[in-house]
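Worksheet: one structure, shown below.
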Amino acid sequence: MPELPEVETVCKGLTPVMENREFLSVTLNRSDIRFPFPDNFVKRLEATTITRLSRRAKFLVAELSSGETLLMHLGMTGRFSIDTKTSPIDPDATNPKHDHVIFVMSALHNEQGAPTIYYNDPRRFGFMELLAVGETGRHDTLGPEPLSNSFSGPVLYEAIHTKKSPIKTTLLDQNIVAGLGNIYVCEALFDARISPLRKSCDVSSEECDTLCTEIKRTLDLAIKAGGSTLKDFAATDGALGYFQHSFKVYDRAKTPCPNPDCDDTITRIKQSGRSSFYCLKCQK
DNA sequence: ACGTGCTCCTGTAAGC
DNA sequence: TGCTTACAGGAGCACG
Ligand SMILES: [Zn+2]
């Protein structure tokens, strides 16, 4: 599951082979992944040029010369791989039966061969949407980008101080703050010393300041590390992220709490169907 | 309106 | 060696 830092890594990898290039061909190997592909998907993409590729939360956003917008979401197991003459794909890295979309992009004049981009997604929780000019998409109701100035302690406090649901669940809500997932919420709550079970309305404004700071710091570090590689995340060139070596609590049940003044171990609990990892002594 | 839980799907690992 | 169960980065949807 790619979260914000992983999607950022993917976006950086795709930009040089997608931005300012034309779709020479688009191949769909099935009619749906999480959702059906948009009507006339291939026809609406072929011969258009991507004028800009960017990331919004966990979405990749490609603005097209046609005025339409291609939205791509990786779900849990979505992965893009780039095959070029100079940097050929590792054929053993992914199972080709889960290659659902293939983009062939135009070559630059000093390049030999067109870059080919494979979208592979075993669980098919990812999706692609094509928005007509002015059409709203699933990314329109998202909360603030956590790394932008529009996300701050006071903004977080304002958004959560009336909510009765646990802070863990609230931080996963993309309409509150957009881009966090299970890993980085667990890590940020540990660094802010707040229990994932705490009611959101019981988190003080001072704690929101701390939490906001820790969210930004954790995401920054993870982006610098190229994201986290769990089962199947890799950058578009196959490179692995290494932030997973820096996890303090995520997937570390029964291991010692990393705080030097603490002798407790990390506990795993379930909250709304998903694992939370935390230290009972350090996080209240 | 809000909060919780189920669901989509495949792959892997653990337990018996 | 099976077979069965639990769990995995997400988030839309149906309930109460
Ligand atoms: Zn501790």
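Below, each value reflects all heavy atoms present in this structure, side chains not excepted, and no hydrogens, waters or symmetry copies. All chains are named by letter (A, B, ...) in the order of the sequence lines, taking the proteins before the strands, and each is independently numbered beginning at 1.
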Partner nucleotide of dA6(C) by Watson-Crick or wobble geometry (both distances under 3.5 Å):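 Matched dA6(C) with dT12(B) under the 3.5 Å cut-off.
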For dT1(C), which nucleotide is its Watson-Crick or G-U wobble mate, given both distances must be under 3.5 Å?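 Pair assignment: dT1(C) / none.
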Atom [atom1] of [X] to atom [atom2] of [N]: distance rounded to whole Å?
X: Leu60(A); N: dG10(C); atom1: CG; atom2: P; result: 15 Å
X: Arg79(A); N: dG10(C); atom1: CZ; atom2: P; result: 17 Å
X: Ile160(A); N: dC2(B); atom1: CD1; atom2: P; result: 15 Å
X: Asn120(A); N: dC9(B); atom1: CG; atom2: P; result: 17 Å
X: Leu71(A); N: dA11(C); atom1: CG; atom2: P; result: 13 Å
X: Asp121(A); N: dT10(B); atom1: CG; atom2: C1'; result: 10 Å
X: Lys168(A); N: dG10(C); atom1: NZ; atom2: C1'; result: 12 Å
X: Ile33(A); N: dC9(B); atom1: CD1; atom2: C1'; result: 12 Å

Residue whose closest nucleotide on DNA chain C lies nearer the 5' end, Phe127(A) versus Arg123(A):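 Taking each residue's closest nucleotide, the earlier one in sequence belongs to Arg123(A).
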Return the nearest nucleotide to the side chain of Met76(A); candidates are dG11(B), dG10(C), dG3(B).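 Looking only at side-chain atoms, Met76(A) lies closest to dG10(C).
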Among dG11(B), dC7(C), dG3(B), which nucleotide has an atom closest to any side-chain atom of Lys270(A)?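 Selected nucleotide (nearest to the side chain): dC7(C).
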Could you check whether the rings of Phe23(A) and Phe103(A) sit parallel, tilted or perpendicular, using 30° and 60° as the cut-offs?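 Phe23(A) and Phe103(A): perpendicular rings.
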[N] phosphate, OP1 or OP2: any side-chain N/O from [X] under 4.0 angstrom?
X: Lys163(A); N: dG3(B); answer: yes
X: Arg268(A); N: dC7(C); answer: yes
X: His98(A); N: dG11(B); answer: yes
X: Lys164(A); N: dT4(B); answer: no
X: His73(A); N: dA11(C); answer: yes
X: Gln174(A); N: dA11(C); answer: yes
X: Lys97(A); N: dG11(B); answer: yes
X: Arg274(A); N: dG10(C); answer: yes

Counting any heavy atom closer than 4.0 Å, what does [X] reach on the DNA or RNA strands: base, sugar-phosphate only, or nothing?
X: Tyr250(A); answer: sugar-phosphate
X: Ser275(A); answer: sugar-phosphate
X: Arg34(A); answer: base

Does Arg138(A) count as lying over the ring of Phe35(A), i.e. NZ or CZ under 6.0 Å from the six-ring centre, within 45 degrees of the axis?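 Yes - Arg138(A) lies over the ring of Phe35(A), closer than 6.0 Å to its centre and within 45° of its axis.
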Around atom CG of Asp140(A), are there more than 12 heavy atoms from other residues, nucleotides or ligands closer than 6.0 Å?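 Buried by this count: over 12 neighbours within 6.0 Å.
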Can we say Arg34(A) and Asp121(A) salt-bridge, meaning some charged N sits less than 4.0 Å from an Asp/Glu carboxylate O?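 The answer is no: the pair does not qualify as a salt bridge.
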Heavy-atom distance under 4.5 Å between the side chains of Val10(A) and Pro2(A), does that happen here?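 In short, these two side chains do not touch, never coming nearer than 4.5 Å.
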Side chains of Leu219(A) and Glu8(A) in contact at under 4.5 Å (non-hydrogen atoms):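 Sidechains of Glu8(A) and Leu219(A): no contact.
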Ring of Phe125(A) versus six-membered ring of dA11(C): centres under 5.5 Å and planes under 30°?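 No, aromatic ring not over the base.
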